[in-house]
Structures are given as C-alpha cells and as structure tokens.
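Fair warning: this is a prediction, and the values are worked out from it, not measured in the lab. Residue numbering restarts at 1 for every chain, and letters A, B, ... go by the order of the sequence lines.
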Amino acid sequence: MSDNVKINVNGLQIESEPNKLLIEACEDSGIHIPRFCWHKRLDPVGMCRMCLVEVDTPRGKMLVPSCTTEVSDEMVVDTESEIVKKAQEGVLEFLLINHPLDCPICDKAGECPLQDQTMAYGPGESRFVEEKRHFEKPIPISEIILLDRERCILCARCTRFSDEISGDPLIEFIQRGNKTEVNTFPNEPFKSYFSGNTVQICPVGALTSTSYRFKARPWDLKSTRSTCNGCSMGCSIELNSSQNKMLRILGVDNEHTNQGWLCDRGRYNFEYLNSDQRIKAPLKKTESDREETTLQDVYGDLSKIIEDRSNKITFLLGSNLTNEEFTSFNEFSNQLGNNDNSIYLNEDLLFKGFFDENIENAKIEDLNKSDAIIIWAEDLKETLPILYLRVRQAVKNGVKLVVFGHTNSTLADISDVYYSGETVSNNFEIVKDISKLKEIKEHIKDKNVTAILGKASPSQSDKSIEKLFTYLKDNSNLRLLNAFNGGNSFGAFQTLGSVKGNREFSSEISKETTDLLFVVGADPVGKSIFSSNIKNIINEIPTVVALDLFMHETSELADYIVPTSSTLGEKEGTFTNIEFRTSRIDKLIPSPGQALSDWEFISGLSNFCKFEGMSESLTDLNNKSFDSFDLDTKPTFDNLDKPRNLDGIINTSIPKIITTDESIEFSDTFFVGKKLYGDKVTERHSKSISLLGSSQFIEGNETTFEKFKLNSGKCILVQENIEITVSCKINPSLPDGLIFFPKNRRNINKLDFSKNIQILPSHSMEVLNVN
Amino acid sequence: MSWDEKLIKQAKKIVKLYPQKRSALGPLLHLAQSKDGYISDDSVSVISELVGITEVQVKSVSTFYSMYKQEPTGKYLLSVCKSISCEINNSNSIIDIVKDFTGLNNNETDEEGLFTFEAVECIGACGGAPAIQVNYETVEGLSTENTLNLCEWLKNETPDLVVADELQNQFGGTKSFDWAIADNSGTTGSVPGFQTLNTTKDKK
Ligand code: SF4
Ligand code: SF4
Ligand code: FES
Ligand code: FES
C-alpha cells in the first residue's frame with residue numbers, strides 16, 4: 001500500500017488513502033458534501049452535479065464533481081466557497097424545475113435527500129413559472145414497486161444498482177434529454193430478487209414499495225437495529241414500526257455482511273406480523289376440535305408427562321430461533337436427563353459440514369480477497385441471496401469463479417468454469433476424477449481459495465463433496481464457508497452442542513422413542529422432503545406440542561398449540577450467521593395476544609416442573625450461550641450493544657452436527673430445490689411475498705422439454721391422486737434430461753420425489769388443483 | 001423470433017465483427033430499422049437475445065438516438081435543419097413552409113403516411129444553409145419558394161427513389177462544396193442505408 005495523501009479541505013489538513021474519491025475522503029473526515037447520484041456502494045457517474053466543489057488546479061480554481069475526482073497529494077479543495085454555493089443553488093434550481101413538489105402526499109417527505117438538501121443548499125425561492133413535465137402518476141414496474149416518473153431526478157442509482165450489483169438490469173433510462181424517464185421494457189416487469197434496494201436508495205419519492213406506501217410518516221416511525229433471520233447471511237436491518245405495527249425493513253450498511261443491501265424476502269417478509277391469522281391464545285385439542293386454554297393449563301398437563309421420568313421427550317426446532325432460545329431448549333433437555341441427542345433441527349440438507357481445528361473458516365469478505373471462489377451448494381441466489389451478491393462483487397473485482405453442478409445456474413454466466421452434466425451427474429455426484437480436471441487446477445493450485453460448500457440436493461451422498469473438499473485442501477490455501485442456509489442454523493449448531501436434521505428425525509423417531517414431542521417454529525409436514533414420513537411420526541406420538549405463530553400443516557396435528565413471538569421485531573436475542581458472526585436481534589413491537597417467546601415458555605414450564613439450575617432471565621441465557629467460547633469479547637448483550645460491535649462479533653467455536661449419510665433415491669430426471677419466495681406459512685401471510693412466490697413451474701432446457709414433448713409451455717404433474725398444472729420455464733443452463741422442481745411452491749411440495757411422477761403435456765391453460 | 005432466417009444470418013455476421021457482442025447493438029438497430037422503418041419492440045427482443053443484454057437496455061439505446069425511429073415514419077422524412085447557421089439563413093420560414101404544407105408539427109406523421117416532419121440539429125451542410133434532408137438526402141441553399149416546390153413535387157410525383165444530386169439540381173441553391181461520397185445513389189425510404197451493413201437500397 002502506498003502512503004496516504006494529504007489534502008487541504010476548507011483550510012483543514014486531512015489525510016486519505018490514495019485514489020479515494022474526493023467526496024468519500026471528505027466524508028471520512030467529517031466534511032459532508034451534498035450529493036444525489038453518488039452512492040458509496042455504486043460506481044460513480046457524476047450525473048447530478050450536486051457535489052461540485054472548487055479545486056485549485058494549474059489553470060486556476062475549477063468546479064469539479066467530487067464524486068468522480070480522486071484525491072491527489074496536496075490538493076486544495078473548497079467545499080463552501082461562494083462559487084460552490086452558487087453552483088449548488090443552480091443545480092437544485094434545475095432539479096426542481098420538473099420536480100412536482102408534491103411533498104405533502106409523498107412517502108419520502110421527511111427523509112428525502114432532495115427536500116433536505118434543498119433546505120440546506122437550495123436557492124430558497126423558485127423562478128420557474130412554466131409548465132412542469134407530466135407523467136402518469138405512479139405506474140407499477142413490478143408487483144411490489146411503483147414508479148412516479150415526475151418525481152425522478154434521473155440520478156441513475158436504481159438503474160446502476162440493477163446493472164452493477166444485482167445483475168438484472170430490467171430498468172433503464174428511456175428517451176433522452178427533457179424526455180428521459182426510468183422505465184421497464186413493455187410487459188417485462190422489474191422482477192428482481194433485490195428490487196427493494198432501489199426503493200431504499202432512490203433519493204426522492206420516485207420509487208415506492210406497495211407495502212409501505214401511505215402507511216406512515218418517517219417522523220412517526222419507531223425504529224431499532226436488528227438482524228434478518230431469513231437465511232444464514234444475517235443481514236443487518238433497521239426495523240420501522242408505527243402504532244405497534246411493523247411497517248418497513250431497511251438494509252443497514254454492515255461492511256462485513258450485506259453492505260446495505262437486502263433481498264426482497266428479507267425486506268418484505270414481515271407483513272405476516274400484522275396478520276389477523278396469528279395464533280393469539282394457547283389451544284388444546286379436544287375430541288372433535290380445538291379449544292382455547294390457558295398457559296397454566298398447558299404447563300399443568302405437560303408437567304404431568306414430564307414428571308414421569310420414563311417418558312421420553314424429543315424436540316424438533318426450527319432454525320429461526322435465537323441463540324438464547326436454543327440454549328434454553330438445551331438446558332431444558334439436559335434437565336430431563338436427555339443427552340442432547342434428543343434435539344433435531346428442521347433442516348433437510350444437513351451434513352456433517354467441514355468444521356475442525358485444521359479447517360480455516362472463511363469470512364464473507366475473504367471472497368473478495370481470494371484468487372478463486374469454488375461453489376458447490378444449493379442455489380445461492382435462491383437460498384443465500386446476499387451471499388450471491390457478494391460472490392458477484394468478488395467476480396467483478398477479478399476473482400475467478402468455479403461452479404460445480406446445475407444448482408447455481410444463475411452464476412453460470414459469470415463463472416470462469418462451470419462444471420455441469422459431464423462432471424457432476426444429475427444426482428449431484430461427481431463422476432470424474434477431480435484431480436484430472438485441468439480447468440479448476442489452474443485456478444486453485446497453491447492459490448488462496450474460498451470455497452462455499454454445502455449439500456445441493458437430498459439425493460446426494462456426502463462423498464462427492466468430501467472428495468472435492470479434500471482435493472481443495474490438499475492443493476490450495478483453503479478457507480471455507482459451510483453453506484447451511486437455514487436462518488440461525490449456525491447459532492443452533494453452536495449453542496445446542498450437537499444437532500441432527502429432518503433426515504435423522506424421520507429415521508430415528510417413532511412412538512417407541514418419543515412420548516412427548518415439541519415442534520417449535522417448524523413446519524416439516526408442509527415443507528420437508530421427508531414430509532410424509534414426519535407426518536406419520538407426528539400422528540403416532542402420544543403428545544405433540546407446537547410452538548408457533550400460525551396454524552399450518554404441522555401445528556394442525558399438535559395436541560397443544562402455544563402462540564409464540566416472531567424473531568422479527570417481537571423478541572430480543574442474538575443470531576449467528578454463516579461466518580459465525582453473532583449480532584443482535586431486537587424487539588420493536590409487542591407480540592399479539594398471549595404470544596410469548598419460546599424461551600419464556602420453556603422458562604415457565606421449568607418453573608412449573610420445579611426444575612433447578614435453569615437460567616432465569618434472557619441475560620442469563622445470553623451469557624450462557626457463549627460461556628464456553630474462547631473469546632476476549634464474547635457476543636453478550638453488553639458487548640454487542642457497544643457502538644464498535646454493532647456489526648457483530650465473530651467467534652470460532654466448533655459446532656457438531658450428527659448426520660447419517662443416507663441419500664434418498666430420486667429419479668435422475670428430477671432435481672429438487674428451493675426458490676427464494678415460496679409457500680412458507682409466513683410468506684403466505686405476507687402480501688408482497690405471496691404475490692411474488694405463487695407461480696408454479698418446472699424448469700428444463702429445450703432439449704429436455706422436447707424429449708418430454710412439453711413445448712406448449714404448460715404441463716401436468718401427476719402422482720397418485722395429485723394433479724398439478726404448472727408452466728414449463730426454459731433454463732438453458734440445466735443439463736440435458738434434467739427437470740428442476742421448486743420444492744417450496746404450493747402443491748409442488750405435495751409431491752413425493754422418491755416416487756415416480758408423470759409429466760404430461762397440457763394444452764389447457766387453466767390451473768388444476770391438488771385433489 | 002420475428003426476424004426471418006436471412007436477416008438473423010446477417011445479424012449474426014455483424015455480431016461476429018466485434019470482440020464484445022454488445023458492441024454490435026448500433027448496427028443491429030439499423031438493421032431493425034431497415035426491416036420495418038422503425039425499431040419495433042419485437043426487434044428489440046430479437047436484438048436483446050443476439051447481443052446478450054436485456055430488452056430494456058436495448059430500448060434505452062434505441063430511444064436515446066433520434067435517428068432510430070420509435071414509430072413508422074411517412075414515405076418521406078423531411079428533416080429541416082434548425083441549428084445556428086441555417087437559422088441565421090432563414091430556416092425558420094423554411095420550417096414554417098414545411099409545417100404549413102404538411103400540416104404537421106415536429107415529429108408527426110400524416111395520416112396517409114406520406115410525410116413525417118422533424119426539425120433537427122445541424123446536418124453538416126452549414127456552408128449551404130439553409131438545408132433540408134429528404135430521407136437523409138441533403139438539399140442545400142433552399143429558398144422558401146423552392147421548399148414549397150420540393151414539397152409539392154414530392155406529393156405529386158411520389159418518387160420511389162430520391163437522390164440528393166437530383167433534388168439539389170431541381171430545388172437547391174448554393175451548395176457548400178462538393179463533398180458527397182461517390183456512391184450518391186439515393187434512398188427508397190426513411191432509413192439511411194449503409195453499404196457496410198448491406199442495408200443500402202436499390203442503386204440507380
Ligand atoms: S427513480 Fe429514483 S433512483 Fe432511479 S433515477 Fe429516478 S431518482 Fe434516481
Ligand atoms: S439474504 Fe438472507 S439474511 Fe439477508 S435479507 Fe435476505 S433472507 Fe435476510
Ligand atoms: S453526486 Fe457527484 S455528480 Fe451526483
Ligand atoms: S446549421 Fe444547418 S446544416 Fe449546419
């Protein structure tokens with residue numbers, strides 16, 4: 001690194017790294033330069049001219065845009081001179097010429113950079129008397145985003161985001177000059193997994209989300225910082241509520257994880273919190289139906305079962321709980337005299353993972369610093385969307401990308417090597433000798449490699465991925481991210497001591513081994529590959545308790561249903577992400593009815609059972625969760641709340657996952673995976689997400705569809721008494737003869753993939769239902 | 001795809017000329033325009049696939065340049081220069097005459113599809129200002145009278161081919177200098193022809 005440069009800004013000496021943009025260097029030293037188009041995470045374009053400053057040049061003082069000018073040694077800059085002020089006034093006057101100034105009905109008002117900067121730097125009075133340009137007031141550019149072209153100041157933040165960052169440029173400037181507008185191609189909506197970010201970075205009220213429109217004024221919002229638990233990325237978020245209703249989620253710029261961005265699931269999957277379908281009181285099954293009961297009654301009934309020490313008790317936990325809650329279940333299970341083997345995590349694709357002292361855990365930012373990235377995992381774009389953005393960013397910075405298998409077909413275009421059909425079989429086994437693959441060797445041999453490894457399909461055994469791992473470890477300087485994507489699954493691995501998954505649950509649990517089952521925040525009957533098995537098991541276990549937010553296919557089977565709080569804004573705790581970064585989960589709104597946190601329930605039940613030695617408060621649980629970690633600064637509430645730790649604290653405690661390596665036999669025509677939006681119960685109750693995640697389809701390449709005679713664009717899937725009409729989407733990156741099924745889409749999740757499924761061409765356009 | 005095989009083949013040949021596919025965007029838009037007389041959304045989709053960028057990105061480029069027409073033009077595209085040299089040589093009255101004769105405002109096409117009128121920036125004939133282009137064939141040194149004659153002639157004769165030199169002789173005045181390319185062979189529509197793209201129309 002070369003030395004810092006010294007520059008003089010407004011008479012002050014400041015230091016900056018060389019090649020930094022002037023606007024950024026000033027910002028770092030606390031000198032704010034107004035701007036519209038410049039955004040820290042986007043390439044500069046110098047579109048708006050709001051950031052003009054005066055710089056001394058050999059030809060005298062000159063106005064230059066500070067967002068496209070790099071600092072150089074001994075530069076002399078004035079950001080507040082008369083000329084600069086005049087320029088700022090001029091720029092604002094121009095921007096306001098066509099701006100409708102409908103602030104009273106604009107959602108952005110109150111947090112609007114145009115409003116704020118006009119106040120601070122504007123001319124104060126308008127001289128414009130002509131007619132402003134007019135467009136149809138907001139037009140929908142997708143199901144969830146509206147565009148008001150009159151308000152747009154043409155900063156190109158949204159278009160640059162969709163081009164540079166998310167890689168799906170479906171919005172662009174149309175026309176030129178005075179006629180320029182942002183728009184989509186006719187009938188080609190802005191369907192991006194990351195579209196909500198454009199709303200957040202738009203410096204005016206041109207882009208708005210249907211979910212937040214006209215709901216509140218920024219100055220009425222309560223807010224807190226928290227962590228998204230949608231997947232194991234653990235993006236930093238800001239929760240906004242008004243009148244005890246969650247109204248909006250914003251991305252917070254956490255350098256280590258999301259860098260300000262969120263996927264649309266993380267951003268919009270909160271509307272369920274306000275749903276009137278939430279369970280509000282404990283329920284108990286009766287002969288014919290269910291009736292409301294009290295917590296005390298539930299405690300009473302359960303304690304009777306628990307006190308009989310011969311009864312065996314099992315837990316099936318969803319991965320969306322907080323670390324503290326996992327710890328609480330762990331304590332509880334230990335009190336029962338269970339060894340911790342009685343706890344299962346509601347995950348289908350668990351494998352042992354690559355965790356031990358000799359394996360270096362990668363950090364997300366290592367992606368950018370390595371020579372090559374190797375991916376063998378479920379589709380990152382669908383399961384760890386922001387990690388997908390980080391991979392894209394690394395590739396943009398010149399890191400080589402090697403992708404194995406057809407799951408990550410969206411990365412095919414930007415990868416240097418894409419191993420599909422011939423190297424990785426349709427069943428996700430590696431069919432060639434890895435050491436003989438020339439292409440990968442060139443990129444990894446003795447280089448810094450970051451691998452993202454995870455099980456890509458339930459039909460895959462552990463062997464192939466282990467082979468790849470060994471090869472990488474022997475040949476490169478390897479760091480590794482284990483690609484488990486379920487919410488706080490890394491927190492579960494660490495705080496539960498040891499954990500197993502749905503596969504193990506469905507082969508080990510029966511009424512012989514379990515008398516009482518707790519299913520917590522999990523819907524395996526609705527969602528798991530092992531659904532039918534698990535359903536039978538749950539049906540035969542004498543007593544089943546579901547702790548959940550909603551009634552769904554699993555909680556419906558339970559004898560007791562206890563309403564619980566959501567990890568999103570309704571409880572406090574901590575969350576541990578894919579790089580073992582632990583950050584804060586915070587509470588902003590009250591839970592509906594009698595809903596309580598899972599740990600509160602367990603704590604109440606333990607009190608009822610007169611258990612001794614249980615943690616008594618959330619703080620105790622929090623301390624206990626990280627007790628054994630070998631860290632100077634443990635991720636306790638106290639530490640996490642310190643400003644320097646807001647981005648979270650990394651730990652290296654090694655988790656233990658116990659799995660049986662039995663792959664399920666799938667026909668090698670099928671390949672089953674998740675889509676970002678699907679049919680989870682919370683998604684069904686979030687309007688925005690349910691709009692996005694409702695289409696049913698299968699994917700294949702053209703040859704495959706031809707082979708199955710599926711050229712009409714629609715087909716019918718038939719299995720026993722199930723019949724579903726789905727559309728056929730062409731995905732040229734899939735190998736021949738392989739058909740992709742989105743497992744988390746309605747009705748498709750009813751199919752049993754270990755059995756035969758008939759695919760029939762359809763000419764009718766109507767959608768049939770499951771019988 | 002709505003382009004026939006021949007056109008696709010021609011397009012693919014153009015794409016091959018460039019190290020990066022998207023560089024072929026400009027020429028392909030010309031090809032699209034020579035097919036329909038304007039850039040149809042259908043063509044945009046075809047081009048987007050050929051060069052591997054999204055449709056809206058293609059649309060963005062095609063709407064940026066005013067010579068890529070977004071709508072079909074009339075048989076004769078009348079582009080009157082409104083830039084400085086022409087303006088000081090009375091282009092305003094030329095514009096008025098064309099407007100009056102055709103009854104059109106800027107960028108409008110008449111119902112019969114005969115004329116499209118546009119007032120454009122400098123067409124590089126400043127020395128012979130004021131100037132007009134008929135389907136991009138330039139006529140210099142116009143007088144108001146000759147402008148009217150030109151319009152009437154086009155309306156009455158409706159020639160399929162217009163050739164700059166002929167128009168100049170018949171309706172033009174002082175020419176800047178004889179700079180025209182040797183192959184001044186005329187156009188049959190409102191689409192500029194390019195020999196390199198093989199989009200020139202019938203030669204005389
Ligand atoms: S819509 Fe917003 S972000 Fe996009 S160009 Fe207009 S002002 Fe900028
Ligand atoms: S990537 Fe994962 S953690 Fe980040 S916003 Fe999306 S769901 Fe939430
Ligand atoms: S912020 Fe520099 S030109 Fe817009
Ligand atoms: S100004 Fe009219 S041709 Fe140049």
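Within 6.0 Å of atom OH in B:Tyr65, 12 or fewer heavy atoms from other residues, nucleotides or ligands are found, so the atom counts as exposed in its surroundings. Counting non-hydrogen atoms of other residues, nucleotides and ligands closer than 6.0 Å to CZ of A:Arg41 gives a total above 12. Within a 6.0 Å sphere centred on CD of A:Glu702, other residues, nucleotides and ligands contribute 12 heavy atoms or fewer. At most 12 heavy atoms of other shown residues, nucleotides or ligands fall within 6.0 angstrom of atom CG in A:Asn187. Other residues, nucleotides and ligands contribute over 12 non-hydrogen atoms within 6.0 Å of the CD atom of A:Glu130. Environment of NZ in B:Lys13: sparse, with no more than 12 heavy atoms of neighbouring residues, nucleotides or ligands closer than 6.0 Å.
Of all heavy-atom pairs between B:Val56 and A:Asn183, the closest is CG2-O, 3.4 Å.
Between B:Ser45 and A:Phe185, the closest side-chain pair of non-hydrogen atoms falls below 4.5 Å.
Heavy atoms closer than 4.5 Å to chain B are found in the side chain of A:Pro186, but not in its backbone. Looking at B:Ser66, the atoms closer than 4.5 Å to chain A (heavy atoms on both sides) sit in the backbone and in the side chain alike. Interface remark: A:Gln175 contributes backbone and side-chain atoms alike to the contact with chain B (heavy atom separation under 4.5 Å).
Between the side chain of B:Ser60 and the main chain of A:Ile174, no donor-acceptor pair closer than 3.5 Å is present.
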Quiz prompt | A:Asp163/B:Gln57 under side-chain contact (heavy atoms from CB on, under 4.5 Å): CA gap, chis, key distance, verdict | solution = CA-CA 10 Å; A:Asp163 188 20; B:Gln57 286 178 310; 3.9 Å; yes
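Atom OG1 of B:Thr54 is separated from atom CD of A:Glu188 by 8.5 Å, given to the nearest 0.5 angstrom.
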